Amino acid sequence: MCGIVGYIGNREAYPIVAKGLQRLEYRGYDSAGIAIYGNGELKYSKTKGKVADMRRKLEAEIDPSGTIALGHTRWATHGVPNDINSHPHFSNSGNLVIIHNGIIENYDALKKELTSRGYSFSSDTDTEVLVNLIEDVIVKEGVKLGKAVQMTLNQVVGAYAIAVFDRRKPNEIVVARLGSPLAIGIGKDEYFIASDASPFIEYTNNVIYLEDGEVAVVRKEKGIKVRKIEDDTMVDPYVQELQLNLEQIEKGGFDHFMLKEIFEQPAAIRDTYRGRLLADEGIVSMAGVDDNLERFLNAKRIIVVACGTSWHAGLVSEYLIEELTRIPVEVEYASEFRYRNPIINRDDVVIAISQSGETADTMAAIKLAKERGAFVFGVCNVVGSSIARETHAGAYTHAGPEIGVASTKAFTTQITILALIALKLAKAKGTISKSDFQMHLQELETIPQKIEVALESNDAIREVAFRYKDARNCIYLGRGCNFPVALEGALKLKEISYIHAEGYPAAEMKHGPIALIDEEMPVVVIATRKGHYEKVVSNIQEIKSRKGKIIAIINEGDTSVRELADHVIEVPETMESLSPLVNTIPLQLLSYHIAVMLNKNVDQPRNLAKSVTVE
Ligand code: M6R
């Protein structure tokens with residue numbers, strides 16, 4: 001995790017790097033730092049806390065002028081968040097400056113070796129070991145920085161995106177990546193380095209995404225030279241033109257990115273199905289599926305691998321795909337799958353779901369599935385991300401940048417893509433009637449409008465939030481494809497309000513969790529009409545008779561549940577299989593308002609990061 005930013009060119013580097021770090025804070029925000037070279041001096045400041053804290057400190061301490069700088073916002077792995085462990089780190093001579101996102105697994109052995117040769121370390125980080133190892137190679141081998149970085153990286157085990165410069169040669173930055181993303185923005189006689197393109201989007205649309213195992217020397221006047229770390233072969237890098245714009249990564253009048261992203265869902269879903277869902281023609285068009293249709297149709301099984309919210313979207317898809325196509329689906333936590341010697345057959349199709357496209361566990365699960373001969377299909381949001389590139393084929397969700405750490409529009413757009421895949425396969429396999437297929441397409445097309453209606457309950461949901469903001473625990477219940485929605489609702493509450501919450505299939509209550517129910521326990525129940533409505537009503541009665549407080553998500557006009565529940569939130573009715581797309585909206589808003597009322601940092605909750613690039 002962590003965010004890295006660098007600049008080399010003719011402008012003042014500090015404002016670019018500092019603003020860039022603020023845009024990357026979603027990647028980690030427990031400490032931050034910047035090193036600048038200017039007026040013949042290497043200057044730096046680093047501190048525990050947010051980028052804004054670091055900026056205040058830096059501006060009070062040093063003159064930040066200079067045209068080369070490296071900055072870092074951290075999510076701690078080795079060493080607690082404190083000033084010393086914050087990046088940048090420096091070699092013992094004080095000549096080399098490094099920023100690093102990732103983990104060097106063999107750092108302990110390397111540190112012992114360097115210590116025995118007289119190196120000393122002030123931090124607990126693996127990064128300080130790395131920068132001294134580079135220095136050691138320069139001293140011992142008499143090579144230039146680029147070569148030294150390459151030779152050093154051949155000795156390390158782990159994952160990294162790094163940027164390094166030498167104060168004695170401040171006209172170049174050396175960058176490298178393995179397992180952590182690194183983008184190089186190309187301007188006129190200037191270069192931008194960052195974990196993603198958002199820090200430099202107002203300066204250039206031209207970007208090189210470094211591939212795994214590549215090192216690049218970025219020189220102010222002489223451009224970029226890319227090589228393979230392992231065998232030194234030259235690489236001709238591919239320069240992409242970005243579609244991203246500044247507006248997409250700003251809050252646009254909302255108090256938080258999370259709220260903006262909740263309200264963006266109707267538009268995001270339209271963007272997801274645009275050009276794919278052709279209701280009038282009765283077609284679902286998806287190049288990644290069309291080009292590999294035989295693989296899908298011959299699949300004996302679909303295995304979905306993902307983490308967190310993306311795993312919940314995978315669980316929803318299990319209901320959809322099995323119901324519509326009759327292909328068995330297994331949904332696996334990528335982190336478990338990768339370590340349990342899973343049975344993967346050559347005729348399995350693996351669907352990997354990831355908003356960021358950088359999640360290390362999901363990436364490892366993909367590599368394992370590929371090694372064992374499975375066809376791997378990616379569902380990612382971030383264009384050009386590592387997972388998008390590692391999979392055999394895929395479909396982008398086109399949700400636009402999701403910056404709030406709590407995933408919202410990623411979830412609903414992932415479900416949209418997975419619904420389209422399910423429908424396409426069902427049609428091709430003949431497991432859905434023509435009329436049913438057509439009905440699904442038409443209904444899916446109305447979902448953005450139904451979400452718009454669901455969003456109108458925002459004020460009513462804020463009132464419910466006020467009533468329950470001080471709860472210590474909360475239970476979420478749903479059945480069928482709304483069981484994963486209950487899990488997702490609970491995850492949203494946990495991660496941004498720090499209130500303990502659990503999601504259960506409603507019928508499981510009687511097998512244990514019902515013992516938790518008393519007058520203090522809010523229970524959020526998804527009780528919309530289709531599916532298992534009567535059963536859910538009985539479950540509500542069981543909770544009511546134990547004095548639990550019921551917050552029910554119901555369809556407009558439902559009087560039965562209204563009479564039973566303490567609070568109701570109405571959403572428009574849709575078909576059961578698509579109801580997760582609408583029912584999840586009030587749960588997102590409820591957790592958002594509770595977190596705001598508790599004065600929590602909604603967009604950057606404690607201990608979390610948006611992109612989990614460590615195991
Ligand atoms: O980028 P990914 O979709 O692979 O991320 C997976 C999880 O880390 C992510 O969904 C996480 O659970 C979110 N914080 C949930 O809101």
Side-chain angles (χ1 to χ4, degrees), residues 1 3 24-29 75 179-181 195-196 256-259 261-262 265 268 304-317 331-338 350-366 376 378-391 394-397 399-415 417-418 476 484-485 487-498 501 503 584 587-592 595 600-615:
M1 322 218 294
L24 288 188
E25 268 193 314
Y26 73 87
R27 302 182 62 86
Y29 35 80
W75 187 87
S180 300
S195 301
D196 70 33
H256 298 95
F257 281 110
M258 182 183 178
L259 191 62
E261 287 155 9
I262 291 173
Q265 287 174 107
V304 178
V305 290
C307 302
T309 289
S310 297
W311 183 76
H312 295 155
L315 280 183
V316 174
S317 81
V331 185
E332 299 259 3
Y333 282 118
S335 53
E336 289 295 312
F337 182 81
R338 63 181 290 194
V350 173
I351 300 182
I353 310 172
S354 174
Q355 186 287 130
S356 62
E358 301 295 344
T359 301
D361 286 321
T362 309
M363 185 61 142
I366 292 167
V376 186
V379 175
C380 295
N381 188 35
V382 177
V383 175
S385 55
S386 303
I387 290 176
R389 285 180 286 143
E390 186 68 30
T391 42
Y396 286 117
T397 47
E402 190 183 67
I403 292 167
V405 164
S407 222
T408 51
K409 62 177 178 172
F411 181 62
T412 45
T413 53
Q414 287 164 347
I415 295 172
I417 284 282
L418 294 159
Y476 286 73
V485 176
L487 294 178
E488 176 60 9
L491 175 60
K492 289 288 88 82
L493 189 68
K494 279 186 267 209
E495 68 181 328
I496 62 169
S497 71
Y498 320 146
T584 199
L587 308 192
Q588 295 170 344
L589 286 169
L590 184 64
S591 58
Y592 170 78
K600 303 296 183 209
N601 189 335
V602 172
D603 284 334
Q604 296 172 347
R606 71 183 180 201
N607 305 340
L608 294 177
K610 184 74 183 159
S611 178
V612 186
T613 56
V614 295
E615 299 187 21

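Since this is a predicted model, take the numbers as computed values, not measurements. Just so you know, ligand 1 is whichever comes first in the structure, and atom 1 is the first atom listed for that ligand.
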| Option of least heavy-atom distance to atom 4 (O) of ligand 1 (set: Val305, Thr309, Thr359) | Thr359
| request: Hey, could you give me the CD/CG distance between Gln588 and Leu590, rounded to the nearest 0.5 Å? | output: 11.0 Å
| note | Sequence neighbours excluded, the answer for salt bridge (Lys or Arg N to Asp or Glu O under 4.0 Å) partners of Glu25 is none
| Distance only, no hydrogens: is a donor on one side chain within 3.5 Å (strictly under) of an acceptor on the other, for Ser386 and Glu358? | yes
| task | Measure the distances from the heavy atoms of Lys492 to every atom of ligand 1 and state whether one is below 4.0 angstrom. | result | yes
| request: Tell me which protein heavy atom sits closest to atom 8 (O) of ligand 1, plus the residue, atom name and distance to 0.1 Å. | output: Val612 CG2, 3.9 Å
| query | Is the shortest N/O to N/O distance between Gln414 and ligand 1 below 3.5 Å? | reply | no
| query | Out of Ala406, Ser356, Ala313, Gly308, whose heavy atom sits nearest atom 1 (O) of ligand 1? | reply | Ser356
| request: Please examine the side chains of Leu493 and Tyr476, heavy atoms only from C-beta on, and report whether any two atoms are closer than 4.5 Å. | output: yes
| query | Quick check: does Thr362 get an N/O under 3.5 Å from an N/O on ligand 1? | reply | no
| query | Is Glu261 reaching over with its side chain to a backbone N or O of Gly404, donor-acceptor style, under 3.5 angstrom? | reply | yes
| note | For Glu488, the side-chain hydrogen bond (donor to acceptor under 3.5 Å, both in side chains) test, sequence neighbours excluded, returns Thr309, His312, Lys492
| message | At less than 4.0 angstrom from any non-hydrogen atom of Val405, what atoms of ligand 1 do you find? | response | 13 (C), 14 (N), 16 (O)
| remark: To the nearest 0.5 Å, atom CG of Leu418 lies from atom CD1 of Ile353 at 4.5 Å
| Evaluation steps, side chain to side chain contact (heavy atoms under 4.5 Å, CB included), between Trp311 and Leu491 | CA-CA 12 Å; Trp311 183 76; Leu491 175 60; over 6 Å; no
| note | The reported gap from NZ in Lys409 to CE in Met258 (rounded to nearest 0.5 angstrom) is 13.0 Å
| said: Closer than 4.0 Å to some heavy atom of Ser354 - which atoms of ligand 1 meet that? | reply: 1 (O), 2 (P), 3 (O), 4 (O)
| request: Give the numbers and elements of all ligand 1 atoms closer than 4.0 Å to a heavy atom of Glu495. | output: 13 (C), 14 (N), 15 (C), 16 (O)
| N or O pair under 3.5 Å between Gly357 and ligand 1 | no
| request: Look at atom 6 (C) of ligand 1 and say which protein heavy atom is nearest, naming residue and atom and giving the distance to 0.1 Å. | output: Cys307 O, 3.3 Å
| task | Please could you name the atoms of ligand 1 that Ser310 approaches to less than 4.0 Å, counting only its heavy atoms? | result | 2 (P), 3 (O), 10 (O)
| query | Strictly under 4.0 Å, does any heavy atom of Leu608 approach an atom of ligand 1? | reply | no
